There are 2 protein chains.
Amino acid sequence: MQESSPVGSKTTSAPETPLLARLRQMIVTGVVQPGDLLAETALAQDFEVSRTPIREALKQLEREGLVEVRARVGTFVRKPTQREIHEMFSLKEAFEGLAAGLLARRGEVPELEQLKENVARSRQAVERGDAELYSHLVHEFHSTLVAGADSRKLSEHYDLLMNQLAYHRIVSQTLSLPGRLQNSQDEHQAIIDAISSKDPLTAELVMRRHVNASSQSAALAALKEDEEHPG
Amino acid sequence: MQESSPVGSKTTSAPETPLLARLRQMIVTGVVQPGDLLAETALAQDFEVSRTPIREALKQLEREGLVEVRARVGTFVRKPTQREIHEMFSLKEAFEGLAAGLLARRGEVPELEQLKENVARSRQAVERGDAELYSHLVHEFHSTLVAGADSRKLSEHYDLLMNQLAYHRIVSQTLSLPGRLQNSQDEHQAIIDAISSKDPLTAELVMRRHVNASSQSAALAALKEDEEHPG
DNA sequence: TTACGATTTGTTGCATGCAAGAAATGCTAG
DNA sequence: CTAGCATTTCTTGCATGCAACAAATCGTAA
């Protein structure tokens, strides 16, 4: 265990391999679906590398909760349980509430401007009835808000969480929209107001109420979706 | 991308290898210190396995933020930056606040009894002036509280966080505790009271104030420590 | 037809060899 | 003595071979 030099960790660690990113993308976007087998040999051929780097990527995805590696059986795309989804929504509320509070403390930052623009564009999307665009903008709103908290550790945990929730999100999103659309829009505006007035406590409170309301309707939709297409 | 059977993820995924656990333990307990080189070949000989499983473990520890792998240079034990420590304390507050709220909603559960016993034992430790025992009990208090939230996902994120904070904890806690000893004890009691009366909002609020106060004290101690022994 | 056992197939786990590159070392010239 | 360059050493990255095991398949007997 010899000693050496580098103790001051730099600003950030090395960027992850493109291979890992591509595999993760395939899962969260639903290109491969829960239950599908991800065989190392097959992937190695597809990506034109050996099994070794594939293996490393799959191991990481296992830790991220996206796949399940069963020894000497295979690696399978994982589907979160209903309970896990519920737990993850609780965490989402905590993370985004924290982010809103931190952002409110920061004052005038570019992310705040981006949020305002986002709400403006969202309003147009609502008027036009463009559900797809609105969905995209909602996602962007939450991403921007967390990024605006300016906390790398928070972002890491948040990304980890949202990757596991992503597949679930895209299947339930469209279903949960209609009823909550206008409410959601109003809540976004309220969040921005609280942040703009540098009121961290209110910002967090309003944010958490918003996430909670969204989560409940999304969870409801997911449950319905799951009953129709079990397993 | 052929399809297959297992879609219902079981209660839990496979337990991690003992090798990974041992390596992680070496880092969080300070057996190897920030900046130390963890060479794959050397570790392979120590653990009497080939480089392959060592590699996998090190990669995972990199994902957990405990080591930094520099390509074709070496794998080094990582030391969080002051900023990262600050960010992690924010997350700790959010996690434990969430846990306190969830626990307060659960009513009578064994973990609540354990917390009460913990406070009782802590009081004795305070009277005896047993700082080491008290330090241990403080850690146990927080662990039990999070476990009592009964959320696997929360626990996963919390463990991930605390592993990165562990080394920092053992070097700074002994310094930061003495001054806050009685305060900390009172706050623990207040947290239990709120949980016992099934008041989630108060439980979370009190918990967060407690974590915040402890964190500030710890961060201060760490800063002082760091000035004397710069990384 | 059905139940059951042997065999075949498919998968991951691990060991090992080699190459690429970074860093330390030593050597040489001034 | 110092600076700079060549060389050596040490490290990880990747490819590949083989073993262990699980599961599916096929054949056989009742």
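Below, read A as the first sequence line, B as the second, and so on, with proteins coming before strands; counting in each chain starts at 1. Every value quoted in this text rests on a predicted model; they were computed, and no experiment measured them.
- Taking 3.5 Å as the limit, the base of dG13(C) and the side chain of R51(A) contain a donor-acceptor pair of atoms between them.
- Side-chain polar atoms of Q60(A) and E64(A) form a donor-acceptor pair below 3.5 angstrom.
- Atom CD in E56(B) sits roughly 14 Å away from atom C1' in dG13(D) (whole-Å rounding).
- Going from atom CG of L38(B) over to atom C1' of dC10(D) covers 15 Å, rounded to whole Å.
- Residue order along DNA chain C, read from the 5' end via each residue's closest nucleotide, puts V73(A) first among V73(A) and T52(A).
- When distances run from any side-chain atom of S50(A) to the nucleotides dA20(C), dT12(C), dA15(D), the shortest one goes to dA15(D).
- Checking A71(A) against R72(B), the closest nucleotide of DNA chain D that is more toward the 5' end is the one next to R72(B).
- Atoms CG (L61(A)) and P (dT12(C)) sit 13 Å apart, rounded to a whole Å.
- For A39(B) and E48(A), each mapped to the nucleotide of DNA chain D holding its nearest heavy atom, the one lying further toward the 5' end belongs to A39(B).
- Across the protein-nucleic acid pair, K59(B) atom NZ and dT11(D) atom C1' stand 13 Å apart, rounded to whole Å.
- Per the geometry, CG belonging to L37(A) stands 9 Å off C1' belonging to dG10(C), to the nearest Å.
- When all heavy atoms are compared, the tightest approach of V146(B) to A99(B) is CA-CB, 3.9 Å.
- Side chains of R70(B) and T75(B): no donor on one and acceptor on the other come within 3.5 Å.
- Straight-line distance from the CD atom of E40(B) to the P atom of dC14(D): 11 Å, rounded to whole Å.
- Straight-line distance from the CZ atom of F47(A) to the P atom of dC14(D): 14 Å, rounded to whole Å.
- R70(A) has no side-chain polar atom (N or O) that falls below the 4.0 Å cut-off from OP1 or OP2 of dA22(D).
- Put simply, the side chain of E87(A) gets close to the backbone of K153(B): a donor and an acceptor are under 3.5 Å apart.
- Using a 3.5 Å distance cut-off with no hydrogens or angles, the side chains of T29(B) and Y167(B) do not pair a donor with an acceptor.
- Note on T75(A): a side-chain N or O is less than 4.0 Å away from OP1 or OP2 of dT12(C).
- The interatomic distance linking F76(A) (CZ) with dG10(C) (P) rounds to 14 Å, in whole Å.
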